[in-house]
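To start, the structure itself, in structure tokens.
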Protein chains: 2
Amino acid sequence: MPVNLKQLAELLGLSQTTVSRALNGYPEVNAETRARVLEAVRETGYRPNRAAQRLATGKAYSIGLVMPIASGIDSDIHFGEFLAGLAEEAVEHDFHFVLNPSAPEDEEATFRRLAASGNVDAVFIAYMRANDPRIEMLKALSIPFVVHGRSIGGPRDYPFLDVDNTGAFYDAARLLIQLGHDRIALINGPEHLTFSIRRKKGLVRALAEKGLKLDDALVHHSAMTDEHGYRSMQRFLKRPDPPTAVLCSSTVLALGAVRAINQAGLAIGTDISLIAHDDVLPMLKPENFSVPLTTTRSSLRGAGARIAKRLIGGILNQGDYPEQELWRAELILRASTGPAPDR
Amino acid sequence: MPVNLKQLAELLGLSQTTVSRALNGYPEVNAETRARVLEAVRETGYRPNRAAQRLATGKAYSIGLVMPIASGIDSDIHFGEFLAGLAEEAVEHDFHFVLNPSAPEDEEATFRRLAASGNVDAVFIAYMRANDPRIEMLKALSIPFVVHGRSIGGPRDYPFLDVDNTGAFYDAARLLIQLGHDRIALINGPEHLTFSIRRKKGLVRALAEKGLKLDDALVHHSAMTDEHGYRSMQRFLKRPDPPTAVLCSSTVLALGAVRAINQAGLAIGTDISLIAHDDVLPMLKPENFSVPLTTTRSSLRGAGARIAKRLIGGILNQGDYPEQELWRAELILRASTGPAPDR
DNA sequence: AATTCCTTCCAAAGCGCTTTGAGTACCTTT
DNA sequence: AAAGGTACTCAAAGCGCTTTGGAAGGAATT
């Protein structure tokens with residue numbers, strides 16, 4: 001039987017007010033009193049009743065999640081991993097989720113309902129597209145939110161956490177170019193998603209710096225499955241002028257690509273170089289590939305946890321977080337990259 | 001500005017009690033009065049405040065989800081699909097989720113914390129193993145739950161929803177046997193999960209009925225990815241006595257298997273027959289395969305929605321649901337099955 | 001000594017719902 | 001006509017927290 005505030009206050013010989021204030025960090029409480037309160041909390045295992053807090057404060061202590069159910073996105077491995085990060089952090093702070101599966105065409109209605117219901121204090125969105133309308137929607141509904149990724153075009157002043165995808169693939173491409181590669185292929189994610197757009201841009205930029213141009217035939221867009229990686233790579237290798245290096249937008253894609261390369265009898269790291277973006281999926285570690293993969297690394301789960309932190313911090317008005325974060329991916333050298341082969 | 005109960009009662013010239021009772025289906029309310037109340041609700045758009053209900057009733061109106069984060073399970077496509085079903089139903093009833101990512105070794109502690117927190121009224125679990133200890137744990141904690149799947153061994157009286165996996169694969173195998181196949185391979189899910197165990201059992205039983213024995217070399221267990229399907233099939237086809245038919249535990253596995261078959265220059269439905277279990281993943285429809293797949297079908301999303309319904313019904317004491325449900329999978333004939341080839 | 005101002009604490013009023021314990025009016029039964 | 005049901009409705013007491021509007025006591029200022 002858990003103790004409540006009243007009992008705790010009685011135990012301490014204080015009023016509920018004082019105890020509540022001590023716990024919530026109000027200044028008008030003697031430091032010593034506060035220490036006593038905290039001590040009592042530890043002893044009794046007191047935990048404030050969330051339902052009562054919700055009622056008293058009007059806060060929901062919940063965050064809304066609009067799960068996209070569109071092909072190429074839904075039920076995606078990467079989504080699950082991100083979700084785990086979000087949840088890890090949320091559980092820590094005793095926050096709930098409201099999961100809203102929604103087809104793209106219902107998104108606006110879903111947001112509207114969510115905002116009106118008062119069931120959530122903030123919302124999280126991802127899988128940004130160019131000129132993504134959701135940012136404006138959420139602003140109009142004036143419900144706090146954080147996006148994972150960034151739009152391209154549209155408003156610029158909104159809270160996001162993104163990986164510097166352009167930079168990551170620029171760095172990766174630059175490395176390949178330095179190694180003498182000039183025909184670099186790209187196995188990318190879905191074409192309409194901004195992270196794909198930016199990764200391609202990074203590659204283009206690195207090539208341009210050396211006066212090279214990206215051959216559009218060497219770029220494939222698809223959902224990030226092993227199967228698509230395999231097919232893309234196969235098609236690249238069948239060309240009369242196959243690439244000597246390839247960038248993959250995910251280790252999942254790389255898995256397929258590697259298979260196609262092996263099957264073609266080519267050696268990774270010598271005949272052909274490969275760099276993949278590593279989301280740090282526990283199931284698929286680049287160091288465990290038969291030839292360990294050079295990667296640009298940025299933890300998806302970490303991003304999930306961070307976004308939860310920001311969302312929760314915002315709701316509780318505690319902690320001070322930047323409104324926009326651009327995480328730099330690390331470029332980690334392993335054995336899958338090497339000098340371009342002679343022609 | 002949403003109306004609350006007090007305002008609604010005033011509007012109607014009734015007391016809050018009466019309105020509340022009218023809404024919650026208590027018998028001691030005049031039918032006409034109740035109709036008036038419902039009409040007013042419709043007009044004003046009144047929605048009871050969940051926080052207040054939580055406080056007053058002591059219910060959390062939330063369900064706990066312990067997300068397994070073990071390899072071969074976590075971030076799995078099938079999990080996302082199931083989750084979408086759960087969420088669809090939950091959102092309808094304004095229920096929240098508490099997502100708890102947890103490694104298997106922490107599961108007990110996670111359950112305990114969840115039960116003690118009072119943050120959830122019920123819990124959902126899945127990915128049942130043989131003699132799964134979680135059933136006993138949840139019973140001991142006396143927190144309501146529904147499991148997706150069934151254990152093997154251990155207590156038998158617990159609430160579950162499962163697909164008749166034995167029956168499904170028995171039916172599938174029987175069809176193949178009737179078509180003259182006697183060497184049937186199985187590309188199965190992870191070995192320790194009960195659905196895999198039961199599917200194998202279904203195959204064994206069908207074979208046994210005709211005096212046939214399952215060749216253990218023709219059974220592979222793995223995480224249900226396209227890649228694993230491909231490799232398994234490849235290995236089967238390399239054998240001196242390859243199977244003439246194969247059962248796949250998921251259309252995802254089938255995707256890889258089909259690829260291996262095509263690559264070997266074999267024709268599906270004539271040289272080799274294939275039946276897959278279809279979880280009705282929106283991304284992967286068996287009718288869209290180059291040769292449409294014969295399948296045993298049972299919607300994962302549907303199961304998710306059903307379990308949410310039962311969980312919620314149990315919490316609200318409304319609706320009457322069986323405590324144990326065994327869904328029969330449909331066997332749907334398409335072009336991937338045909339008579340066994342002559343030797 | 002009287003006044004003002006902090007600091008520290010408190011009593012009590014909500015937040016919006018459910019539920020208990022009556023109360024009223026109208027029928028039946030004796 | 002009194003007693004007992006029945007059908008309907010209500011006032012008020014919580015649920016456990018936050019927060020408002022003081023109040024008590026001591027220190028600092030006049």
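Just so it is clear, the model here is predicted, and its values are computed rather than measured. To find a chain, count down the sequence lines: A is the first, B the second, and so on, and within it residues start at 1.
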NZ/NE/NH1/NH2 to OD/OE distance under 4.0 Å, Lys139(B) and Glu136(B)
no
Are Phe124(B) and Phe97(B) near enough that their ring centres are under 6.0 Å apart? no
Expected list for residues 4-28 of chain A near DNA chain D, using heavy atoms below 4.0 Å, is Asn4(A), Leu5(A), Gln16(A), Thr17(A), Ser20(A), Arg21(A), Asn24(A), Tyr26(A)
Can you tell if the side chain of Tyr46(B) reaches within under 4.5 Å of the side chain of Val19(B), non-hydrogen atoms only?
no
Is there a side-chain polar atom (N or O) of Tyr46(A) under 4.0 Å from OP1 or OP2 of dC17(D)? yes
Tyr61(B) atom OH is separated from dC15(D) atom P, nearest whole Å, by 17 Å
Side-chain contact check for Leu55(B): nearest option of dG14(C), dG16(C), dC17(C) is dG16(C)
Sorted by chain and residue number, the salt bridge (charged side-chain N to carboxylate O under 4.0 Å, His left out) partners of Lys6(A) (sequence neighbours excluded) come out as none
Separation of dG14(D) atom C1' from Asn49(A) atom CG, nearest Å, is 13 Å
Next on the checklist: OP1 or OP2 of dC8(D) versus the side-chain N and O atoms of Asn30(B): is any pair under 4.0 Å?
Outcome noted: yes
What one should report as the nearest heavy-atom pair of Ala60(A) and Asp121(A) is N-OD1, 2.8 Å
Step-by-step ring pair (Phe, Tyr, Trp, His ring centres under 6.0 Å) determination, Tyr61(A) to His96(A): CA-CA 7 Å; Tyr61(A) 296 97; His96(A) 292 192; 9.4 Å; no
Exercise for the section: Salt-bridge test for Arg129(A) and Glu107(A): reply yes if a basic N is under 4.0 Å from a carboxylate O, no otherwise. Expected result: yes
Within residues 33-43 of chain B, those residues having any heavy atom closer than 4.0 Å to DNA chain C are none
Quick one: does Asp279(A)'s side chain have a donor or acceptor within less than 3.5 Å of a partner on Leu300(A)'s backbone? no
